[in-house]
Protein chains: 2
Amino acid sequence: MLSFTEENYIKAIYHLSDAGQLAVSTNDIALHLQTKAATVTDMIKKLANKDLLAYEKYYGVSLSKKGKNNALSIVRKHRLWETFLVEKLGFQWDEVHEVAEQLEHIQSNLLIEKLDAFLGHPETDPHGHPIPDKNGKVKQIKQFSLSQGKNGHKYIVSEVKDGSATFLQYLAKHDLYPGVTIQIKEILPFDGSMVVQLQNKQKVTLSKATSEKILIKSNE
Amino acid sequence: MLSFTEENYIKAIYHLSDAGQLAVSTNDIALHLQTKAATVTDMIKKLANKDLLAYEKYYGVSLSKKGKNNALSIVRKHRLWETFLVEKLGFQWDEVHEVAEQLEHIQSNLLIEKLDAFLGHPETDPHGHPIPDKNGKVKQIKQFSLSQGKNGHKYIVSEVKDGSATFLQYLAKHDLYPGVTIQIKEILPFDGSMVVQLQNKQKVTLSKATSEKILIKSNE
DNA sequence: ATAAAAGTTTAGATTAATCTAAAAAAAGAA
DNA sequence: TTCTTTTTTTAGATTAATCTAAACTTTTAT
Ligand SMILES: [Mn+2]
Ligand SMILES: [Mn+2]
Ligand SMILES: [Mn+2]
Ligand SMILES: [Mn+2]
């Protein structure tokens, strides 16, 4: 049984390592968790003793199988709770992250499996992030950045890569959510901004910076 | 903002003092929280410094207005979550307490008000315990022990006073829940046990000890 | 009224998580 | 390759929550 703090370290390392691929440095973890490097060193020694990660002095850490499983379980809970908050309680998608940061630490397998069933076994959360299944399997979809879309083509929004409240509110104002179909109407060559049209025929102009943070998938 | 531990102390004192009426002793708190008296002494000093309770050395503590408000908020959250777990997620009523002990510490007013609305502003939890409203008001109903019911009379089960899993499972097996109408068919004088009949005509024999732990209200 | 028992507090330690400052190692630049 | 900068670790403290053992206060019983 991991403590609240240990769980947050494991999850941070999971995200920073790109799902457990790369090694993660002490400073990266400290930055991500808003703490100090010395604190991180202490904690990763503890996590290494628990076989949750491999730690090589001065060269960072990488999650073990056990650590990865723990991380996936926390990510699963986080994303299921976010889905619950939006789908069932009527939260806006920019309001859920902080609360899910707390809810993800509730310990009860029964709870999470019943919540999953109540939500109809969703595959993605409100931001389009995939929800790991009970066995830790993550469904990967073929997606790419909207900034790489072709003029005239239709796509489906699949994920947003910026979770800040202002960005999410901006997208919400223009009805840009995962699942929405869009068509690229125009790409301006001098600044890379583009005009996209929604199902309801409304047009929105998006800056390059914005279109880079929106992921899309093919329209089937 | 109270810590997890501080919240547990405040809630324990609230329950032990019968909703803030009586003073509570150090030992009572230690027993209830499964900790040591010395630990309790330290913590109540801290809570006294935060004006959550009045502490008189050697004579126990009593909650302040502020302490009572905090306690009511935690109790509200606990009971709303228990209701959610039973009504929406399909938990059995003997499975919810441990999970609610964790969920009651989640910090988010928005969450709890949205949860309340989602549940239809329930007045009692699955065990018949009243749910304090947003302002901390607790609705009191006229209720009494089933052991004091009269032969031949009809009543509605309103609350159960024992939260142990075995007791709750026993009642569930006989469909005895808050809200169910029962009629007393027979009271045996030598041991105080009674036979009650449910809506579905099924009869159950309850020992005195059991009927004392079931609260009922009049059949209107 | 005094002594014994019960309950409470204080003193001193421990563990988890955190910090700052100093030392050590690795990486980058000249 | 050697020096400088950056990163990481170690050393030593701090805070919250906990414990045991000893001291103290209140209550109960003779
Ligand atoms: Mn999130
Ligand atoms: Mn998300
Ligand atoms: Mn409960
Ligand atoms: Mn209850």
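Fair warning: this is a prediction, and the values are worked out from it, not measured in the lab. A note on names: the letters A, B, ... follow the listed sequences, proteins ahead of strands, and every chain is numbered from 1.
- Contact annotation: B:Lys57 side-chain N/O to D:dT26 OP1/OP2 distance is not under 4.0 Å.
- Taking atom CD of residue A:Glu6 and atom C1' of nucleotide C:dA16, one finds them 9 Å apart after rounding to whole Å.
- Here the shortest heavy-atom pairing between B:Thr124 and B:Gly128 reads CG2-O, 3.8 Å.
- In this model, the phosphate group of D:dA16 is not approached by any side-chain N or O of B:Ser3 to a distance below 4.0 Å at OP1 or OP2.
- For the pair B:Tyr58 OH and C:dG7 C1', the computed distance is 9 Å after rounding to whole Å.
- Distances shown here put every side-chain N or O of B:Ser25 at or beyond 4.0 Å from the OP1 or OP2 atom of C:dG7.
- Between A:Glu104 and A:Arg79 no salt bridge is recorded (no basic side-chain N to carboxylate O distance below 4.0 Å).
- Within 4.0 Å (heavy atoms only), B:Thr41 reaches at least one base atom of the nucleic acid.
- Separating the NZ atom of A:Lys45 from the P atom of C:dA16 is a distance of 14 Å, rounded to the nearest angstrom.
- Within 4.0 Å (heavy atoms only), A:Thr39 reaches at least one base atom of the nucleic acid.
- Ring geometry, A:Trp81 versus A:Phe84: the interplanar angle exceeds 60°, so the pair is classed perpendicular (tilted spans 30 to 60°).
- Nucleotide C:dA26 holds its C1' atom 12 Å from the CD atom of A:Glu56, rounded to whole Å.
- Distances shorter than 4.0 Å separate none of the side-chain N or O atoms of A:Thr5 from OP1 or OP2 on C:dA16.
- As judged by a 4.0 angstrom heavy-atom cut-off over every strand, B:Phe4 is placed among residues making no nucleic acid contact.
- Straight-line distance from the CE atom of B:Met1 to the C1' atom of D:dA16: 17 Å, rounded to whole Å.
- More than 12 heavy atoms of other shown residues, nucleotides or ligands fall within 6.0 angstrom of atom NZ in A:Lys50.
- One atom, CG of A:Leu47, and another, C1' of C:dA16, lie 12 Å apart when rounded to the nearest Å.
- A salt bridge links A:Lys208 with A:Glu212; the closest basic N to acidic carboxylate O contact falls under 4.0 Å.
- For B:Met43, whose side chain is taken as the heavy atoms from C-beta onward, the closest listed nucleotide among D:dT18, C:dC19, D:dT20 is D:dT18.
- Listed candidates were C:dA26, D:dT26, D:dT10. Nearest to the side chain of A:Tyr59 is C:dA26.
- Between A:Asn27 and D:dT6, a side-chain N or O to OP1/OP2 separation shorter than 4.0 Å is absent.
- In terms of position along DNA chain C, the nucleotide closest to B:Asp28 lies nearer the 5' end than the nucleotide closest to the other residue of the pair A:Ala38 and B:Asp28.
- Taking side-chain N and O atoms only, A:Tyr55 has no distance below 4.0 Å to OP1 or OP2 of D:dT8.
- If you take CD1 of A:Ile44 and P of C:dT18, they are 13 Å apart, rounded to a whole angstrom.
- Across the protein-nucleic acid pair, B:Asp42 atom CG and C:dG12 atom C1' stand 12 Å apart, rounded to whole Å.
- Closest contact between the side chain of A:Lys36 and the listed nucleotides C:dC19, C:dT9, C:dA24 involves C:dC19.
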Given B:Asp133 and B:Lys139, is the salt bridge (charged side-chain N to carboxylate O under 4.0 Å, His left out) satisfied, shown in steps?
CA-CA 8 Å; B:Asp133 74 12; B:Lys139 202 166 211 171; over 6 Å; no
